[in-house]
Structures are given as structure tokens and as C-alpha cells.
Amino acid sequence: MAAITERVAIAHAQERNYRGIWAWLATVDHKKIGIMYIYAALFFMAFGGAEALLVRIQLWQPNNHLVSAETFNQLFTMHGVTMIFLVAMPILIGYINAIVPLQIGARDVAFPRMNALSLWLFVLGGIFLYTSWFMGGAPDAGWFNYVPLSGAHYSPGAGVDFYDIGLQITGIGTLMTAINFLVTILNMRAPGMRLLRMPMFTWSALITMLLILFAFPPITVNLILQMMDRLFHATFFNIPLGGNALLWQNLFWIFGHPEVYIVILPAFGIISEIIPTFSRKPLFGYESMALALSVIAFLSFMVWTHHMFADGLGPIVNSIFAITSMLIAVPTGIKIFNWLATLWGGQIRFTTANLYALAFIPLFVIGGISGVMLAMAPADLQYNDSYFVVAHFHYVLFGGTLMGALAGLYYWFPKIWGRLLNEKLGRLNFWLVFIGFNVTFFPMHILGLEGMPRRISTYAPGYGWTTPNQIATVGAFILLAGMLVLLYNLISTFMKQPDLVQDPWDARSLEWSIPSPTPEYNFAQIPLVEDRDAYWVAKREGSGELPKAEPVGPIHMPSPSLSPFFLAVTIVIAGYAALLHADWLALIALLAAFWQIGLQLVHEDHGYHVHPDVPTGGATE
Amino acid sequence: MRRHRRPGFKASLPLVVTLAALLLGGCGLGKQSALSPAGPVAQAQLSMLWQSLAIMTVIFIVVLAVFVYSLIRFRARKTDTELPKQVHGSTALEIVWTIIPIIIIVALSISTVHYAFVLETPQTGKNAVQVQVIGHQFWWEFRYPGTGVVTANQVHIPVGKKVNFTLQSADVVHSFWVPRLGGKTDLIPGRTNTLWLEASKAGVYYGQCAQLCGAGHAYMKFTVLAQSPAAYTAWLHHMQTDTVSVTTPEEKAGLALFKQNCSTCHTIQGTPFHGNIGPNLTALATRPTIAAGTLPNTAQGLATWLKNPPAAKPGAKMPDLGLSQSQIQSLVAFLQTLK
Ligand SMILES: [Cu+2]
Ligand SMILES: [Cu+2]
């Protein structure tokens, strides 16, 4: 007994010991982890954006030679890899980390240390990928990295090794996030928070994690097979020796299509929080919204060959996958109409968060329209691998995911950082991004129909491509201006005193019922949830005080630990060693990683206790 | 070819026309545009584009109208005192907006499946012309089975006939795309794909590789020369019987240099040169461009190419042979005799 108290005391003391940067490296607090996800995603966004700008400058005029064709291939490959794996997914996972435990009335995630490990694998894996620029060249076979182009024979440099190993490192982290949040959402909801009382953002997180759980294994298999080919001369994708080019494509897109939904469903969730809040109405058709998310997720595993319509798989395969692809428009349409119906009859406030959320609707519909067009297999033979596709997926990924992410940033910023972003700058930021986005990407529809293939490093005059390309490049600079305004807004907001407003938007879900920023234990007392939009109901029907599910008392917290960080570092060392063909070092590093995992398995964390400050009533506005 | 025009299409025709005009405002139709079809395949694909775009545009306008109306009509006002009516849903409405998209999808599926079978069924009948396409990093090889004719980067086809292309790759994945004649199909190593196209009018149609295939991806272009059947047959005959005749000393010197430097990689009909790493150069002078659309087929263009191929075209697999200025001159003179 005494020993236990002692250990608790030690754990407590350890917590005190981590200061400054160490406190961040050792944290297992989902809120701090969420913050770091968001910072890191914004950091990588700067690089992904710079790569995109170079691509746009290169395409400004025919026969431009600003960058070589080889560099151009690296630029768009890294742009795609960055925006998908290092920006879109992490920023959304960041919000999920920061917000979902609060929305379900939990004190942390199910596996706090594993959560920290996920974060560090993503951050260090991303840095690993970026060091490729200084170590012989970045990956250059496109983000879907088709074989045999990406094989050792046609891509002898280390670039594709960085892709294979880097994405495995970040991928393990993402898979662990999925497991973590599935368990958290299914097991750690506050009493009374039934599945059909969960906020829609939490619903979207739940479904997204299911998607990750099933979508990441196929790409991991691909990456491992290719790593075997490239490092150990296996022949999975070596065609003359019996390898199969379509094996990569099938496995990639069995992952790749659900991946699109992995980055769009959380954005749906964000929009579904913001639009009701700023319409002062409940989300229209809550059940059908949750059902639509599930149907989309289910269908998303049955459409992958629509990325391969030009592979000559034959009319039967193409017809089946065309129809399943079009079917996704049904649940998606339900979502759009439900958002419209939520707006209908409301009292709409045009905050920056809401501007982004509202802009999402028409932009995503445009992306959906081109999506249905692309799904018509025989017609897709004209669009496939042309700029029309580039336009389409930027309308869904930028117009959808990024608009949703920026909406979420303005919306949850006061909750996460205790400060409101400047609304004037916010509006400027929004309009520049909105206009810049459309100016950049709308002309790409025309370019595609005018026969411009994607991924060409330059073009000759006389095709009618120059004007749309120039418009697009101008748009990219308007976008840049918009993002710089955002940066300025972030910096100037961090310089000012925190406002500490608990519920600035008169919002609906539980995260707004606790102080901003949130104390480490989240809820002094776990609330008892008796309604959907419980906090909103509590505000309308009482003081805004939720009923409590437990008495005030000491709260048990997990201890901070540096071991997730060191484990991630060890795995990255193994990655570099494998890449540099230092096989012994790789083996030792991997063994060290397994040893550390083993230690974690037998380690018992006794945590420590904190005594909450009991709040003195729910102050709003 | 049957057109699948639905009532929705006619009703929204003016709208589609304005939209199309807007879309193309200032750009005009380019020489590689999928919007100016020159054959039944591209025509069918364009009709599918208009059909889907028309229906989807109607939906977009409905959504946009409701959206904009709501934003104006239901904006928060200073005078708002009470909460708006708290509506949670409406089963009837939700069923309506589930059913309508399903109906639209059924409509679009019919033409999708119909055209999938029409356009993706290989043409093996007696009347179809067979052409074998082999993709190389970064050029196109065209073979005419049963005739022995091999050419590169410009494919001749007869007007008004279905041409069945069998597509193969010698290295990585490429994609064969001639937008004015029809959509693309990939050339995948280890597989044989087919694609049929037909040109309704004589003329030159531009095509380009559409699948990332390496550094030279942007420089992997080709042309389709659609000729009258008689001209086409004459061309085939010419290719089969072509001979090389050099007259001037310059040309003769070029031939000797070619034998020494180039014959391991290139074939020329009517000579003992049978290299098969690079393009077949028979009747090279009749091609509009060289190196898959990279340079014009002029003395100047050929000289630039021979000086240093990888400098003229990123990733080119023809090495810099370190030829002197005068050697290049002789070789160019020789190459220009290959009519
Ligand atoms: Cu190619
Ligand atoms: Cu290519």
C-alpha cells in the first residue's frame, strides 16, 4: 500500500519535472496532442503550398523551364503526399483529438500513451519524408506511385524508398489513432450519451476511424511489398519476372478511395456542428445524417476501380463500379439537403467560421457534380488523368476538406487556445481564400476538357491552354495572400491576452460547457447527458449547468512519459538505416523498438491525482 | 449511334449552351480538345458529358437558389428576440431527397452501361483496321500486323473505319489519348489492352501520353493522320516497299555515319539496319515532328536533336553520341532523304 502511494507520489513528481519543451514531448494529454497535430499540419501545409506555387509558376507559360522536368515530378508528388498524409489527415485528427473527448464527456482517450506515439510517428515520419529533398531527391512517381515506374529499375534513387518507409511510419501512427478513438468513442462516453446523442462531429470521427481501420492495411501491404522489391530484390512488382502492375493499383485504390472519405467525413462533421450553431437550430435530420455517414463509408470500399477505368478492365467491371460510384451521390445529397434545411428558417450569423462552413456547401456540390460525371465510366475515359480530375479533387479536398478545416479552426480556436481569432482579419482571410480557390481551380475543368493531361511539366503553345493556366496561377497567388492573412491572424491572436470565453458562439455540444482553455482533466465532474445537444438544452431550460454523473473528488490522470517519443525516434532511425542499406543498424533499431514496446506492455502506469477547481456556474458569452 | 437524350436535357439546353459558352469564353476549342469531337467515340463521350452536366447543373441551380435564398431571408437580425422554430427533421422531405437522386442515377446509369459496352468492346471484325501500339519511355511505336509496317509517333488510319488499337507497354504504364477521337486507355506492362477509335473526317489529330511515365512524360506526344482509305492503302504500300537512295556526297557520308553510330538502335526499311531500341526511322522525313512531338522535323530540329538528345528532351533514352557539327550536318542530310 505504502509502495503504491510512494509510486503515485513519484509519478506526480515526474509530471512536475517535465518543463518547457519536455512537457510537450512527454505529454499524453489529448488536448496538447491535438494542438501539436494542428501545428504540425499547418507547418507541413506551408511546404505543400510552396510546392504547389512552384508548380503553378512553372505552368504559367508554355515551354517554361523554371524547374527541370525531374524536379517538377518531385514537386507535385511531394505536394500530393504532403497535403493528403501530412496536412489533411493530421489537421482533422488534431481536431478529433482536441474536441472529441470533450464532446463525449471523457477525461482523455482510451490509450493516452499510444496517442502520443501516433502523434510522434506522424511528426517524425513527415520530417523523414521531407529530408528526402536533401538526400538525393524526393519521391517523384506521383502520390499514387504506380509500378513499375516507382520500381528500382525506373526510379533508382532513394526518393521512392522515402515514400515507402515514410508512409509506413506515419501509417502505423494513423492506424493506432483509429484503434484509440474507436475504443474511446465506443467505451468512454459520459453516462447517458447514447450513440444517437453524440454530436455529429463525433459521429464523423467514429466512422472515419472505422474507415482508417479497414483502409490502411491494403496500402501498408503495398508499401511493404514494394519495400521488399526495392531493398531486398523481391519481384512482386517486377513485371518481366512475373510481377503484376495492377496488384499495386488495386491495393492502392482499395485504400485510396476510402482515404478520400477519411479526409472528408470529419469535414462533414465540422460543418454539421457549425451550421446548426450559427443558425440557432438543431441539425436537420440527425439520424439520416448519421446513417448517411455510415452508408458513404460502406460504399467507399466498393468503388475503387473508378480510379482505374482506363485500365481496360472491360465493360462489365467498369459498369458495376460506375454505378456503385454514382450511388455515393445519394447519401452525399442527403447531407447537402439536410444542411440546407438546417439553414432554412434559422437566424444565420455570418461569423468567419460560418462563412467557411457555408462556402463548403456550393464548392462541395461542384466537386460532387464533377464526381458524378467522372463516375460515368465511358465518359471518364476523356477525363481520367486530365486536369479535369485535378479540378474535381481540389473542389472536394480544398473546397471540402480544407474549407471544413478552416471553419473548424475559427470555430474551435477559442476552445482550444482560449482566444478568439480576429473576425475582421478572418473575413479578409475567407474572401481571399474563397476567391483564390475558385480562380485557381475552376479553369482546370476547362484545361482538362481541352485535353491537357495532368502531371506534365510543361506544354507547347497552340493548345489553348495558356490563358486558363495563367488564370490558375494568378489564383494561386490570391490563395497565398489569403493564407498569409490567416498566418498574421494566428500570430497576432497569440500575442494578445487570452479572452477565456467559455462559449462565445452560444453553441450546443459539451465542449462548450467547460472553461476555455480546458483544464487538464476536462470535466471537474463528468456530466450526465439526457439529450442530444445537451448543453444547448441545459442553457435553454436552466442555468446552463449540466446534471452531474459523479460527486466532486480527486481525479485520476495518466502520467506523462517520454517513452512514446523515444519509441517513435527509434522507429525513424530504423527507417533511415533501412533506406541507407545499413541493414544491421535497421535490425538493431527494430529490436530496440520491440523491446520498448514490450516495456510498455508490462509497465503499469499508476498515474496521479489532481483536485479540480469546481466551477462556479456556467458563464456564457 | 443512338443518343440518349432525356427530357431534362432539352429543357436545360439554353442553360447548358450559356454555360458552355462561359466555360470556353476566350479560349476557343484547342487542337486537342475533347469538346470538338471528330469521330463517333468522342461524340458519344461528349453527349454523355452534356447529358450529365445538364442534369447536374439543374441540381446545382436548385441547391444554389435555396442556399442563397436562405442566407438572405434567414440571416440573423437585430430584431430577433425569440429562437427560430426548432425543427428536427421531416421524414417526408428526407425521403424526397433520397428518391430524386436515385432516379437521376438510374437515368445516368442507362447511358453509362450502354456506352461502356459500345465503346469498350474490342473491334475484331473484318472491317476493322488493326494497329498495335507499344508505349516506350518516351515515344510511341505503331505496328500494322500482317504488313510488316512499323512506324513511330505518327499513326496513319483510314477515315470512316473503326480502328482497333491493341495497347502494350515496353516499360512503364503509359496512356494513349487522342481527345478529338475519343477517350484514353492505359498501356500496362504485362497486359494487352484494346481501344477502338474512328475518325469521321480526314485530318491530323493530336494525342499525348496521359499517365505519368517519368521525366519525359510531357514530351510523349503523337499525331494521328486520318487519310482517305485509298491514300491509306497507298501509304502502307509505300512503307512496305520503301528504299533508301542517297545521291550527294553529304548524304552518302551521312549513311556511313548512320551505319556506324545509329544502326544498333534504329531500323530503316530497305537497309540492313535493324536496331530495335529506338523508333523505326523508315520514311522519317514524312513525320511532322521528331522525338514524339518535341522538335519540328526540320534540318534545324534534327540537328538540335542529334547534338544532345537528353538536353533537347528530358529523360530521352537516346544518348548524346558526341557527334561533331559536320557529322551532324551529314546525318541530317541523310535523314532528310528518308521520304
Ligand atoms: Cu508515357
Ligand atoms: Cu506519360
Side-chain angles (χ1 to χ4, degrees), chain A residues 68-70 73 142 146 148-149 154 239 245 280-282 284-285 288 310-312 314-315 318-319 322-323 326-327 329-330 333-334 336-337 340 343-349 361-362 365 369 372-373 376-379 381-382 384-386 446 449-451 453 455-458 463-464 467-468, chain B residues 23 26-28 30-35 45 48-49 52 56 60 63-64 66-67 70-71 74-76 80 83-86 88-89 94 97-98 101-102 105 108-109 112-113 115-117 119-121 172-173 175 179 183-186 188-190 193 208 210-215 217-218 314:
Chain A
S68 69
E70 288 84 359
N73 289 358
Y146 273 8
L149 178 62
Y154 298 101
I239 285 93
R280 310 190 82 206
K281 278 180 65 199
F284 192 93
S288 66
D311 273 3
N318 283 2
S319 296
I323 293 171
M326 283 190 239
L327 275 180
V330 177
I334 292 175
I336 299 282
F337 290 116
L340 289 178
L343 291 170
W344 191 271
Q347 291 163 2
I348 303 166
R349 285 176 291 159
I361 296 177
V365 172
I369 289 175
V372 171
M373 293 170 71
M376 299 173 75
L381 298 180
Q382 286 284 23
N384 187 290
D385 271 318
S386 80
I446 299 162
L449 299 177
E450 289 283 316
R455 296 171 165 178
I456 54 174
S457 56
T458 190
Y463 286 82
T467 312
Chain B
L23 220 84
C27 316
K31 63 182 183 185
Q32 196 167 302
S33 175
L35 300 174
Q45 284 159 334
M48 293 181 74
L49 183 149
S52 52
M56 300 314 280
F60 183 62
V63 167
L64 203 65
V66 176
F67 179 69
S70 310
L71 295 191
F74 302 114
R75 67 189 188 279
D80 289 334
L83 278 184
K85 189 154 167 257
Q86 302 288 296
H88 289 270
E94 287 167 51
W97 59 57
T98 308
I102 291 178
I105 284 168
L108 293 178
S109 298
T112 298
V113 175
Y115 282 124
F117 281 86
L119 302 186
E120 295 175 37
T121 305
V172 302
V173 183
S175 193
K184 63 189 74 62
T185 297
D186 285 7
I188 301 168
N193 279 336
Q208 185 161 2
Q211 183 66 266
L212 176 65
C213 52
H217 169 52

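Within every chain, numbering begins at 1; the chains are lettered A, B, ... in the order of the sequence lines, protein sequences first and strands thereafter. Predicted model, so just to flag it, every value in this text is computed and none were measured.
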Might you work through the side chain to side chain contact (heavy atoms under 4.5 Å, CB included) test for B:Phe74 and A:Leu343, ending with a clear yes or no?
CA-CA 7 Å; B:Phe74 302 114; A:Leu343 291 170; over 6 Å; no
Query raised in the report: Does A:Arg280 reach the side chain of B:Asp80, with side-chain heavy atoms less than 4.5 Å apart?
Result: no
- Does the side chain of B:Leu49 reach to within under 4.5 Å of the side chain of A:Met376, using non-hydrogen atoms?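 B:Leu49 does not reach A:Met376 side chain to side chain.
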Top contributor to chain A contacts, counting heavy-atom pairs under 4.5 Å, from [options]:
options: B:Pro101, B:Ala34, B:Ser175; value: B:Ala34
options: B:Pro314, B:Gly190, B:Cys213; value: B:Cys213
options: B:Leu212, B:Ile102, B:Ile188; value: B:Leu212

Q.
Over 60° means perpendicular and under 30° means parallel, so tell me whether A:Phe337 and B:Trp97 are parallel, tilted or perpendicular.
A. parallel
Side chain, backbone, both or neither: which part of [X] has a non-hydrogen atom closer than 4.5 Å to chain B?
X: A:Leu149; answer: both
X: A:Ile239; answer: side chain
X: A:Tyr146; answer: side chain

Out of A:Ala329, A:Ser288, A:Ser386, A:Ala322, return the one with the most heavy atom pairs under 4.5 angstrom to chain B.
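Option with the top pair count is A:Ser288.
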Requested in this report: Under 4.5 Å, counting heavy-atom pairs only, tell me which of A:Pro378, A:Pro453, A:Gly312, A:Gly345 racks up the most with chain B.
Outcome: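 Of the options given, most contacts go to A:Pro378.
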#### Entry: Stepwise side chain to side chain contact (heavy atoms under 4.5 Å, CB included) check, A:Glu450 with B:Gln32
CA-CA 6 Å; A:Glu450 289 283 316; B:Gln32 196 167 302; over 6 Å; no
Which heavy atom of A:Ala377 sits nearest a heavy atom of B:Thr112, and at what distance?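 Between these two residues, the closest heavy atoms are N-CG2, 3.8 Å.
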